[in-house]
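Just so it is clear: chains get the letters A, B, ... in the order the sequence lines come, proteins before strands, and each one is counted from 1.
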Amino acid sequence: MTHYPHLSIEKKWQEAWEKSKCFVAKTPKPGQKKSYVLEMFPYPSGRLHMGHVRNYALGDVVARYKRAKGYAVLHPMGWDAFGLPAENAAIKHKTQPKSWTYKNISAMREQLKSLGFSLDWSREFATCDPEYYSQQQKIFLKFFENDLVYRKSSRVNWDPVENSVLANEQVVDGRGWRSGALVETRQLNQWFFRITKYSTDLLSGLSTLDNWPEKVKTMQTNWIGKSRGAKVCFKIVDSGQKQQNIEVFTTRPDTLFGASFIALSPEHPLSSELAKNNPEIDAFVRECAQLGTSEETIERAEKSGIDTGLTVVHPFDETKTLRVWIANFVLIGYGTGAIFGCPAGDQRDLDFAIKYDLPVLPVVLPEGECADHYQITDKAWTGTGSLFNSGFLNGLKVKEAIKTALSKLEALGIGEAVTQYRLRDWGASRQRYWGCPIPIVHCHACGAVPVPSADLPVLLPDEVSFETPGNPLDHHPDWKHTSCPKCNQKAIRETDTLDTFVDSSWYFARFCSPQAKDPVDSVAANAWLPVDQYIGGVEHAVMHLLYARFFTRALKDCGLLEIKADEPFDGLFTQGMVTHETYKDPDGNWVEPVNVLRSETGLTTKTGRSVTVGAIEKMSKSKLNTVDPAAIIQKYGADVARWFVLSDSPPDRDVQWTESGLEGAARFVSRVWVEVLRISKEPVFTDQKTTTLSKDLVKTTHKTINFISQDIETLGFNRAVARLYSLLNDIKKSTGLEPEQISARRFATKSLVLLLAPFAPHLAESCWETLGCKELVAMTRWPEFDEKWLEEKTLIIPVQVNGKRRSQLSVAFGLDKDELQSLALKDPDIIKSLTGLSLKKIIVVPDRIINIVAK
RNA sequence: GCCCCCGUGGCGGAAUUGGUAGACGCGACGGAUUCAAAAUCCGUUGACCUAACGGUCGUGCCAGUUCGAUUCUGGCCGGGGGCACCA
């Protein structure tokens, strides 16, 4: 077999592409269509992982295809370079976040380049470049001016030993991950983006996103969480409290007669008030605070509560009172931070009621149940039905009862219809060093004062100390000390930095004009935005994508982004993960795939210890089941790695990395190369007619061109790969020596090479050159197919009896129902199958199927 | 806990709008080539029954709609993603 020297070949073409500048984005010419292809930019963790290879290989197929179709293509790359890992690395390795980050970027840039992606490197930037974050500071100030960002007090996880705020992932079982200290919660003044201003718009905008996965739109819809309901006032009986009423939000005012208690969030102002004079309540509220701020933890914790001793009057029945509890499952951030508990109609309320022996009165009777015997035991009924045990609502269906209850509340002046959103304003303050400084100065006299534009950017200090616990910016010797821009008195810089989601909320716009003096140049933005195809992990389905959608709207409203489009990403694709088997040695330690040997007796480590195979999981450092792309590229080449991640698995599903699959990919690359060498040695004939001798291969080629184009447009790359395999097989089977056969073979092979280019670009260039073509494939147009080759003249139609295939007819395309029916009934196999049965019905779908129903 | 998604041979997967389930690849098996092996090439390969023709079952499980369900509906089981300070 002829060896395919991937290392030298791949380098050669990467240099040729760079020299020709064919991937540098050129502004679309008049009348030329544009395509902005973007993959979510990587966090520079230090090394590329297979997830990156897959992500960028997917995008590269689209970018190369669009370029070949004549589009002006923007396909940029950058670095999501701020964030927590750099600080953790700095602490662990005694380095500085800045040098660590830029070193990682260099390493990863080289790795990306070795994969031969068709990226426009001239637009590269990192979000930690002062040029980038200074533009972001301008945006922040513009938002400040337009009341899109503000400060308020909010709760954080606090590690009392590290003296710092903890991310939810840093809280493990209620303790700080490094210190092991019990986590507290603290109130801090923090900066918030007013994303809720756009709640309705972000929601309605989703319906215009036809090229987004339905699941992502559903997730965002649920995240925004629009719900219609009622605010209801419960009057506190003889309270002696300052507060006379408790206001609750409910989507089910129809179930008010089933109310058995009121529950307040532990953070509700009334809870805090009561805690002051009651040590037990105080202890309970503190205990709840130890759960941290994660909604998941709060909701998964066992329901618990404390009776405050207060009672309220039932709004519809003054003779009834309800106890007021404080409960750990009531969230302060949603509604009013207080609920009425209807155990029969809500599982959480029911669990709570059972635990504390509170009354359970069913009020919604499911259809088909008898009111006299219907009981709720351990399963709440949240479905529809008619109301009972509910005074004036009795007999009404749920929907009508909600309306009726609402009107009554409004008439009584103790409630009103409200629309509530689950979406909260975006808390963007981080008490950390490695992020974009917030350009604000705090002055005793003037308050929070924006840094004047002449004084921008507010640069991060290059060197900071992580010796002292807490925010390095806060205890930097001089950084925060400044003077007030208004009154010139001594003042303190804001030491919070911005959430890294801010950086990624507008980078796609910056790529249009990465050197512009303003955040986004409007001419460039209009030329390129929106992003036509955005590709990334589904883990970003809600937050990153919602924040970017919000930023697009906010930037437009502030005049910083002048584009026609309302949405930043026209097409979105969420790719699956790269998984791998996990391995363990007899001591239960994880073993890396490279250290696992396959022998006849099973799997062993290199030192001869037996290895057991565990679950197939997402490649991760913790499970040591990663495969290093660099090693794969070195051994097999970039094209093999790319081909593998694009083969077999649909891009939106997980792909399992296997050695054998990789070998298969390598074999394919060799087979193409060998085949092209064979074809290249054949004589070249021009103007050959196609007759029956060469018809099949020419037809297959035209069909393949059509299919692969469709597969790429619909991002079905695994299907395209399967078709490339097929076409290669057909070319290999073609061995005829007549000139027209040789000619057909050359046509098919040249088409194969062009179709292959988006998937294995280096291989394609080599093959193209070998076939005697002078121009780069990267600059060659996509092959055209001829419609006339796609038409089918005859086809095979299955004939079923009672839904089971019993025969088939080979017929001309387009035969009508009657003809098909009579043909089917004349078929000997069908006659045999029908003996002893009488015909009931015949279903004929022309060009598809015939089904005879008989008894 | 809540929201969302996924489930097809030994494996990854294919299958226009509900219309022949298993394309293509991997693995396995058999053969060719070889002193031998690797590589390569050719063939077979869902399960069960049958000497064969052929038949029965079969798309996580259980129901339903339909002439017909991998595809639509409801319930269940299993796996994954997100839950607001990881990115």
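Taking a pair to require two hydrogen-bonding distances under 3.5 Å in either a Watson-Crick or a G-U wobble arrangement, B:G27 pairs with B:U45. Remark: B:U33 base-pairs with no nucleotide; criterion is Watson-Crick or G-U wobble with both hydrogen-bond distances under 3.5 Å. In this entry B:U73 has B:A63 as its Watson-Crick or G-U wobble partner, both defining distances falling under 3.5 Å.
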Side chain to side chain donor-acceptor pair (under 3.5 Å) assessment of A:Ser227 paired with A:Tyr334:
CA-CA 11 Å; A:Ser227 59; A:Tyr334 184 68; 2.9 Å; yes
Exercise. Let me see the working for A:Trp191 and A:Glu494 under side chain to side chain donor-acceptor pair (under 3.5 Å), right down to the final yes or no.
Key: CA-CA 10 Å; A:Trp191 291 95; A:Glu494 173 62 68; 2.7 Å; yes
Given the rule in the ring pair (Phe, Tyr, Trp, His ring centres under 6.0 Å) test, do A:Trp223 and A:Tyr547 qualify, once you have shown the distances and angles that lead to the verdict?
-> CA-CA 12 Å; A:Trp223 185 267; A:Tyr547 292 153; 8.3 Å; no
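For A:Arg806, counting side-chain heavy atoms from C-beta on, the closest listed nucleotide (B:A15, B:A84, B:U56) is B:U56. Among B:G80, B:A87, B:A84, the nucleotide with an atom closest to any side-chain atom of A:Trp223 is B:A84. If you check B:G25, B:A87, B:C85 against the side chain of A:Asn729, the one that comes closest is B:G25. Counting only heavy atoms from C-beta on, A:Glu169 has its side chain closest to B:C86 among B:G13, B:C85, B:C86. With distances taken from any side-chain atom of A:Arg671 to the nucleotides B:C26, B:G81, B:G12, the minimum falls on B:C26. Of the candidates B:C57, B:C67, B:U20, B:C67 carries the atom nearest the A:Ile843 side chain, counting heavy atoms from C-beta on.
At a threshold of 4.0 angstrom between heavy atoms, the contacts of A:Lys303 with the nucleic acid are absent. Backbone-only contact: A:Lys732 has heavy atoms under 4.0 Å from sugar-phosphate atoms and none from a base. Residue-level contact check: A:Ser429 touches the bases, meaning some heavy atom is under 4.0 Å from a base atom. No engagement by A:Glu663 is indicated, since no non-hydrogen atom pair under 4.0 Å with the nucleic acid exists. Heavy atoms of A:His540 sit under 4.0 angstrom from at least one base atom. Contacts of A:Ser647 with the nucleic acid, taken as non-hydrogen atoms under 4.0 Å apart, are absent. In this structure, A:Val156 reaches the bases: a heavy-atom distance under 4.0 Å links it to at least one base atom across the strands shown. Across all strands shown, A:Val853 has heavy atoms under 4.0 Å from sugar-phosphate atoms exclusively, and none from any base.
Between A:His544 and A:Tyr507, the ring planes are tilted. Angles from 30° to 60° get that label. Ring orientation note: the planes of A:His540 and A:Phe501 are nearly perpendicular, at an angle over 60° on the 30°/60° scale.
Between B:A14 and B:G22, the two P atoms lie 15 Å apart (nearest whole Å). Annotation: B:C85 and B:G60 have their P atoms spaced 38 Å apart (nearest Å). Separating the C1' atom of B:G9 from that of B:G27 is a span of 12 Å, rounded to the nearest Å.
Taking only side-chain nitrogens and oxygens, A:Arg422 never comes nearer than 4.0 Å to OP1 or OP2 of B:C2. For A:Asn851 and B:U66, the shortest distance from a side-chain N or O to OP1 or OP2 is not below 4.0 Å. The shortest distance between the side-chain N/O atoms of A:Arg667 and the OP1/OP2 oxygens of B:G27 is below 4.0 Å. Side-chain N/O atoms of A:Asn718 include one lying less than 4.0 angstrom from OP1 or OP2 on B:A14. Put simply, A:Arg653 has a side-chain N or O that comes within less than 4.0 Å of OP1 or OP2 on B:A14. Listed pair A:Thr500 / B:A87 meets the phosphate criterion, a side-chain N or O lying under 4.0 Å from OP1 or OP2.
What separates NZ of A:Lys840 from C1' of B:C67 is a distance of 13 Å, to the nearest Å.
No donor-acceptor contact under 3.5 Å links the side chain of A:Asn222 to the base of B:C3. A donor-acceptor contact under 3.5 Å links the side chain of A:Arg848 to the base of B:U17. For A:Arg723 and B:C24, a side-chain-to-base donor-acceptor distance below 3.5 Å is absent, hydrogens and geometry of angles not being considered. Within 3.5 Å, a donor on the side chain of A:Asp648 pairs with an acceptor on the base of B:G12, or the reverse. Between the side chain of A:Arg300 and the base of B:G1 there is at least one donor-acceptor pair of N/O atoms closer than 3.5 Å. Interface remark: the A:Glu659 side chain does not form any donor-acceptor pair with the B:C26 base, using a distance-only criterion of under 3.5 Å. With hydrogens and angles ignored, no donor-acceptor pair closer than 3.5 Å exists between the side chain of A:Glu295 and the base of B:C83.
Salt-bridge formation is not detected for the pair A:Glu87/A:Arg430: no Lys NZ or Arg NE/NH1/NH2 atom is positioned less than 4.0 Å from an Asp or Glu carboxylate oxygen.
No side-chain N or O of A:Asn168 forms a donor-acceptor pair with one of A:Ser294 less than 3.5 Å apart.
The residue among A:Ile850 and A:Asn802 whose nearest nucleotide of RNA chain B is located toward the 5' end is A:Ile850.
No donor-acceptor distance shorter than 3.5 angstrom exists from the side chain of A:Lys303 to the backbone of A:Lys355, with no hydrogens or angles considered.
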